[in-house]
Q: 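Handing you a structure now.
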Amino acid sequence: MSTAISVGKPSWWRSEFFLVGVLLLEIAIFSRTGSNFATAINALEIVRLSAEIGLLAVWMTPVVLTGGIDLSVGSLLGLCAVCFGKLWRDAGLPWPVAAAATLVLGALGGGLNAMLITRLRLPPLIVTLGSLSLFRGLAEAITRGVDNFTGFPSGFLDWGQGYLVGGIPAQAPVWIAVAAGVIVLVHYTVFGRALRAIGHSPEGARYAGIAVNRCVAWVYVLSGTAAGLAALVYVARVGQAKADAGTGYELLAITAVVLGGTSIFGGTGSVWGTLLGVASLAVLRNGLQLSDQPGELAGILTGVLLLGALSAEVGFKKFSARRRASVTLASSNSPS
Amino acid sequence: MSRIDLPSEVERNAERGAEVPLLRLTGVTKSFGAVRALKGVSFELRAGEVHALLGENGAGKSTLIKVITGAHAPDAGSIEIAGQSVMSLDPAQAHRLGIACIYQQPALFPDLTVAENLGLRLEPSTAWRRIDFAQRRARAVELLRRVGAEISPDAEVRSLSMPEQQLVEIACALGAGARVILMDEPTASLTRREVERLFELVRDLRREGVGILYISHRLEEIFALADRVTVLRDGESVGTRPVRDARGRPTLTESELIRSMVGRELNQLYPPRAHGIGEVVVSVRNLSCAASGVCAVSLEIRSGEILGLAGLVGAGRTELARVLFGLTPADSGEIRIHGAVVMLRSPRDAMEQGIAYVPEDRRRHGVILEMPVAHNVSLAVLGRLFRGVWLKPKPEQALALDLISRLGVTCAGPQALAGSLSGGNQQKVALGRWLATQPRWLILDEPTQGVDVGAKGEIHKLIRDLAASGLAVLLISSDLPEVIGMSDRIGVMRDGRLVEVLPGGSNASTVMAAALGRSDGDGKEGV
């Protein structure tokens, strides 16, 4: 009989090592092929470009940890972006007020998901698939599909286009602070532990007295708020707000989370892994661009990267399971 | 002349069957891990007889059914079907050989019609075949007529009542040419009227020479229906006896049957009661919950007291525990803890009142298998242990080490995953999680189920020590000797009600009789 230890050591470190390897490989290749790739300015540019996907992805991590998924964040980003534009331009609110209202709107959008998932017990995949259409549709209705909000005040645009000392992009502090906050929340608090318990076994968590519904609801509300924040960062960076803002971002965010080793079935995963996932995707896109490669190659390589990472993990597990089995066999054979 | 009428045909069938039984099991043994579920069971089923199978929870009835239907391969022993020895039986082969099983919950496809359900089971299942819809329907009509069911073959199964679905199952068994029909508590969810109709059908089947293995907890049904009865106890056959003699007089009594079901010596030693019993901790009055079938339960547990809860599977004991822990809140009634009325709407409420519940389903509810031991034991005290929001590995580690040594958990350490532990050790972890909450009232649901003998003894000692430290304990167990040996008083549940409270150390037959509801069984005889 195999004893205690081996049954399933946390495997996150393996995917993280894998991703560090991928990242180093990407840097090595693009340093040779890309013009101006290996410069400090470009490194900071990558931080700027990864901010929106990164914000969505780090908050997607707790969602996936509970065994859920949030497909609506890209659409909610679009809806928040056009609402921000509408509030600032048509309602005439000062931009900080409009920004605060946008964050509240994001939280409400997440709250809608949370309510349907916890009250009606609908599967998160279906609920957020529905709200994906709903939020994008609302964004298109508000702009009638054509309106484009531009001409934002420079005080606002500075947050997305400006620089701090040393050429650090202005959105970097926001992005890093949020990422750090999620790392602390998921890895160092009671709440994070509860999320893992729920992801492994919602029923088991309930029997342990964890307020499962309350925890799950918070996770979706926070994910929606992150979409609101990402919308602001996005609008500040590109200087315009259209209804199609953030299309497909939800899938990139989920890709980063899964690439980072978080189990799509819930329970195991780390925010550090997600950050590495975000970085390896962002470096890939940026590097291809600087190497004058066609844009569609980015999609192909993202797919190859994700499928490769997953296959490598499964392969590694099979390999170690087989090795374990042969060890057990050998030890059980030896006495006879 | 008497050769022609029906009873004599039954006799003739029985005689013929006596030569070559439809089904003969010899020395069938089956183990699951360390648990020996069947220990050399031998018995035979004749053509044209209703053979009752009786035994308390865990006596091996379900395992025996699964061996006969081919779901479990026996470790040893032989199975003969109609005189032919069958080397390896799988479900498909059992089906071909004419064995059918009617379960308590019919296993039909609810979205398909009756005719489609019958067609699926009875028509050859090749991927590319022509379906003769007219023939399928005609066969369904014919089979439904044979079982006397007034059901349209085009009705969707989900629109049928439970007994109607049972009839469809029986029709299906007949259509497959079943010679051996197993019925596992077929009357559990039927009304009196429906039971009578089912009995008529069973008698018809017997007349046609079908052998019926009938499993039921209702003794009066066995006297009304069965020709012979086999009693299982601890995986062994206690013996097979005819229910009536040649003149139709009963040859055994209910109390004899009950005695043979429970007639096991208390060969295990239970830790002695060595402490006094204090003031009332819990008092429950008229507690009901319609959704889970708990009905007007009143009970009282004192500090240091162990109240056992006995009853058959499905008597409502786990359901009661779930109400008491706030998992399914009560509709009416009152729970007082130390005299104060408490409202329990969620497990959190219950925890705040010092209630701890170690659930029956250890692997799904008791522990989280994918988490380490340390995280499992701290799960119910996360807020308290860490005073607020931050995880602190050191106190958590200390708590885990303390519980591991106090409860004698055998594991590689606090970081070992709960799923890697043996059943008994998992149970100790589940218990440890709740001890960490320092409860006033501990509810234990089947704490030693699937636990090996050694760990069982240790858990018994733990429970006794906990009671001695002043806890009120509610001990739910299907293991009669355990309930009797451990409890200060024994509550017996039946159909969601607490029907009797017996003193500790009561006779096993008395407890069993209360659980079976024998006292009011006399009036119902001849159902």
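In the text below, chain A, chain B and the rest are named by the order of the sequence lines, each starting its count at 1. Below, each value reflects all heavy atoms present in this structure, side chains not excepted, and no hydrogens, waters or symmetry copies.
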Q: What part of B:L379 gets within 4.5 angstrom of chain A, counting heavy atoms only: side chain, backbone, both, or neither?
A: both

Q: For atom CH2 of B:W441, is the number of surrounding heavy atoms from other residues, nucleotides or ligands below 6.0 Å larger than 12?
A: yes

Q: Do A:Y207 and B:D361 touch side chain to side chain, with heavy atoms closer than 4.5 Å?
A: no

Q: Quick check: does any side chain N or O of A:R206 sit under 3.5 Å from a backbone N or O of B:L327, one acting as donor and the other as acceptor?
A: yes

Q: More than 12 heavy atoms of other residues, nucleotides or ligands under 6.0 Å from CH2 of A:W175: is that the case?
A: yes

Q: Taking atom CD of B:Q438 as the centre, does the number of heavy atoms from other residues, nucleotides or ligands within less than 6.0 Å exceed 12?
A: no

Q: May I ask you to name which of B:M371, B:H365, B:R348 has the most heavy-atom pairs under 4.5 Å with chain A?
A: B:H365

Q: Examine whether an atom of B:R363 lies under 4.5 Å from a heavy atom of chain A, and if so say whether it belongs to the side chain, the backbone or both; otherwise answer neither.
A: neither

Q: So, for B:P347 and A:G209, which heavy atoms are closest and what is the spacing to 0.1 Å?
A: CB-CA, 3.9 Å

Q: If you define the side chain from C-beta out and look only at heavy atoms, does anything of B:H375 sit under 4.5 Å from A:H200?
A: no

Q: If you compare all heavy atoms of A:A208 against all heavy atoms of B:R433, which two are closest, and at what distance to 0.1 Å?
A: CB-NH1, 3.4 Å

Q: Mind checking whether A:T189 and B:W390 have side chains closer than 4.5 Å, heavy atoms only?
A: yes

Q: Rounded at 0.5 Å granularity, tell me how far CG in B:L382 sits from CZ in A:R193.
A: 6.0 Å

Q: How long is the gap from CD1 on A:I210 to OG on B:S346, to the nearest 0.5 Å?
A: 12.5 Å

Q: Tell me, yes or no, whether the heavy-atom count around A:Y188 atom OH, taken from other residues, nucleotides or ligands under 6.0 Å, exceeds 12.
A: no

Q: Indicate yes or no: at least one non-hydrogen side-chain atom of B:E370 is less than 4.5 angstrom from one of A:T268.
A: no

